[in-house]
Protein chains: 4
Amino acid sequence: MAGVNKVILLGNLGADPEVKHLEGDKVVANLRLATTESYKDRSGNRVENTEWHDLELWDGQAKVAEQYLKKGSQIYVEGKIKSDTWQDDQGNNRKRTKIRVQSFTMLGGKSSGPENPQGGNQGQPAQNPNSNTNMNASSAKAYDGDDNEADDLPF
Amino acid sequence: MAGVNKVILLGNLGADPEVKHLEGDKVVANLRLATTESYKDRSGNRVENTEWHDLELWDGQAKVAEQYLKKGSQIYVEGKIKSDTWQDDQGNNRKRTKIRVQSFTMLGGKSSGPENPQGGNQGQPAQNPNSNTNMNASSAKAYDGDDNEADDLPF
Amino acid sequence: MAGVNKVILLGNLGADPEVKHLEGDKVVANLRLATTESYKDRSGNRVENTEWHDLELWDGQAKVAEQYLKKGSQIYVEGKIKSDTWQDDQGNNRKRTKIRVQSFTMLGGKSSGPENPQGGNQGQPAQNPNSNTNMNASSAKAYDGDDNEADDLPF
Amino acid sequence: MAGVNKVILLGNLGADPEVKHLEGDKVVANLRLATTESYKDRSGNRVENTEWHDLELWDGQAKVAEQYLKKGSQIYVEGKIKSDTWQDDQGNNRKRTKIRVQSFTMLGGKSSGPENPQGGNQGQPAQNPNSNTNMNASSAKAYDGDDNEADDLPF
DNA sequence: TTTT
DNA sequence: TTTT
């Protein structure tokens with residue numbers, strides 16, 4: 001029976017993306033995303049609570065992430081929960097949960113813009129390094145291999 | 001900085017709720033929820049893929065779950081991802097991820113209706129055991145202690 | 001700048017789908033979906049409040065809707081808000097809002113199962129007319145013309 | 001039967017909030033929010049498509065909006081679709097759809113920070129007018145009158 | 001371990 | 001480990 005497994009996150013990267021280029025043109029990027037909520041406890045003190053999420057992106061999206069995201073980037077993410085289960089050396093059942101990203105959008109925050117835009121002209125500073133450069137890397141449709149959103153880059 | 005950490009699930013329970021009544025009137029329920037997606041692989045064969053989620057509900061919601069949900073129940077859930085981290089006996093960093101439920105709605109499927117409705121009249125079968133009895137246990141707002149959704153029960 | 005425009009609905013159809021087959025193999029289906037919320041007013045009386053949504057589905061999804069949905073069907077929907085604006089006869093600006101469906105999933109409820117399954121054998125009643133027949137008609141990606149979810153039908 | 005009616009938006013305000021202070025301490029704010037999507041048409045040209053949403057906020061949230069949001073502000077919104085229906089002068093049935101906001105979060109973008117922070121010191125420019133000042137105005141719980149999120153302001 |  |  002069909003179900004729903006949907007995750008929506010908005011937060012900041014705790015580190016630069018870790019990107020691996022695999023055989024057969026496959027690319028995978030792993031991101032660490034922090035979502036912080038803030039509330040008042042019973043004593044009226046403001047408390048911050050940060051949850052860290054392991055994101056996994058494939059192929060076109062991984063390339064976009066590699067080129068545009070870095071530590072501190074603020075992004076909006078849609079994806080689904082996906083767990084790996086295995087047995088460790090002691091024979092214990094282990095489980096690791098990550099978010100398989102289906103789409104993401106860059107928001108403003110620190111460090112928007114490509115790390116090294118068109119590979120040159122570093123003497124001329126980017127016109128608006130702090131502007132709200134959003135960019136959408138849309139749905140990956142991983143199963144059927146029609147993963148062509150690399151053609152969807154906004155330039 | 002405020003962020004967003006939102007999970008939306010729709011699936012079936014793999015087991016009856018596990019409910020613990022703690023000191024001070026606190027109640028916690030743990031549910032195992034399966035979300036199944038179905039797709040065709042490259043060869044055109046239909047494949048089913050099930051993800052299992054650990055849900056945690058507190059207080060008013062836990063009581064509603066205890067009374068109305070059981071193995072097989074189909075529910076719609078909103079919540080957030082919440083991880084526990086600790087060190088195991090070998091000093092390894094461990095992490096366990098669960099879904100802290102903020103609201104849920106009972107859908108049809110098997111086993112709607114209370115397990116043992118007001119404790120009596122078992123000779124008379126429930127009129128419509130397979131009907132689409134939905135019920136909403138709304139948001140828990142745990143942090144500020146205004147956790148009064150027990151008053152929101154639909155009866 | 002990229003934004004997010006996402007709608008999630010779970011409710012029941014108020015009428016059978018209205019389907020139009022257009023030139024060039026295009027198909028559009030219009031659905032009326034009711035989402036009902038129930039709450040207690042200040043006096044403690046339970047109140048029901050129903051919102052009606054106009055859904056629009058295209059092509060592969062429209063065909064699935066035509067074949068499987070009818071009045072009373074319970075569905076889960078993801079889509080986006082889309083408005084038409086025009087001037088009426090009096091020169092007033094008018095606006096009509098609908099939900100462009102990106103994916104939907106059939107839940108149980110009334111009237112699951114095809115209206116007329118494989119066109120025959122009506123003497124033999126469907127084995128489980130009230131069973132929880134879910135079915136997923138996945139995302140339509142209308143803009144790029146790669147609208148091939150008709151190939152994704154679960155049979 | 002309980003249903004789901006959920007809207008998630010991320011975009012920018014097209015104008016300053018319109019706030020009305022009603023009798024009995026009630027406050028309502030109306031916002032115009034633009035969500036823009038960007039895609040390539042068949043010819044490979046990038047196309048932008050903007051949808052305008054009418055948002056309605058009440059009480060504590062309305063006050064937060066009044067103080068912190070203005071034209072250009074980028075926000076993340078959760079809410080639900082809510083329609084008004086009436087008959088116009090010609091006796092035609094009319095319908096107007098708006099988004100009843102349940103929570104919102106300020107993101108960076110233009111014009112974060114209060115319009116007039118604690119009412120003074122205008123000679124000293126705000127230190128970081130373009131910084132990523134996020135702020136969460138949480139769920140409004142309108143029906144039951146326990147609308148105390150004014151106490152939840154982050155200061 | 002659910003559901004179809 | 002992010003962000004404010």
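So that the names make sense, note that chain A is the first sequence line, chain B the second, and so on, each numbered from 1.
Per the geometry, CG belonging to Leu10(A) stands 14 Å off C1' belonging to dT4(F), to the nearest Å. Atom CD in Glu48(B) sits roughly 13 Å away from atom P in dT2(E) (whole-Å rounding). Asn12(A) has its CG atom 6 Å from the P atom of dT3(F), to the nearest Å. When the P atom of dT2(E) is taken as reference, atom CG of Asp54(B) falls 16 Å away, rounded to whole Å. Atom NZ in Lys71(B) sits about 12 Å away from atom C1' in dT3(E), given to the nearest Å. The nearest whole Å value for the distance from the CG atom in Leu69(A) to the P atom in dT3(F) is 14 Å. Going from atom CD of Glu37(B) over to atom P of dT2(E) covers 19 Å, rounded to whole Å. Residue Asn5(B) contributes atom CG, which lies 19 Å from atom P of dT3(F) at whole-angstrom precision.
To the nearest 0.5 Å, atoms CD1 (Ile81(B)) and NZ (Lys6(B)) are separated by 11.5 Å.
Residues Ile99(A) and Leu9(A) share a closest heavy-atom pair of CG1-CD1, 4.2 Å.
A donor N or O paired with an acceptor N or O is not found under 3.5 Å between the base of dT2(F) and the side-chain atoms of Ser73(A). The base of dT3(E) is not paired with the side chain of Thr50(B) by any donor and acceptor separated by under 3.5 Å.
Partners of Glu51(A) by side-chain hydrogen bond (donor to acceptor under 3.5 Å, both in side chains), not counting sequence neighbours, listed by chain and number: Ser83(B). Partners of Asp88(A) by side-chain hydrogen bond (donor to acceptor under 3.5 Å, both in side chains), not counting sequence neighbours: none found.
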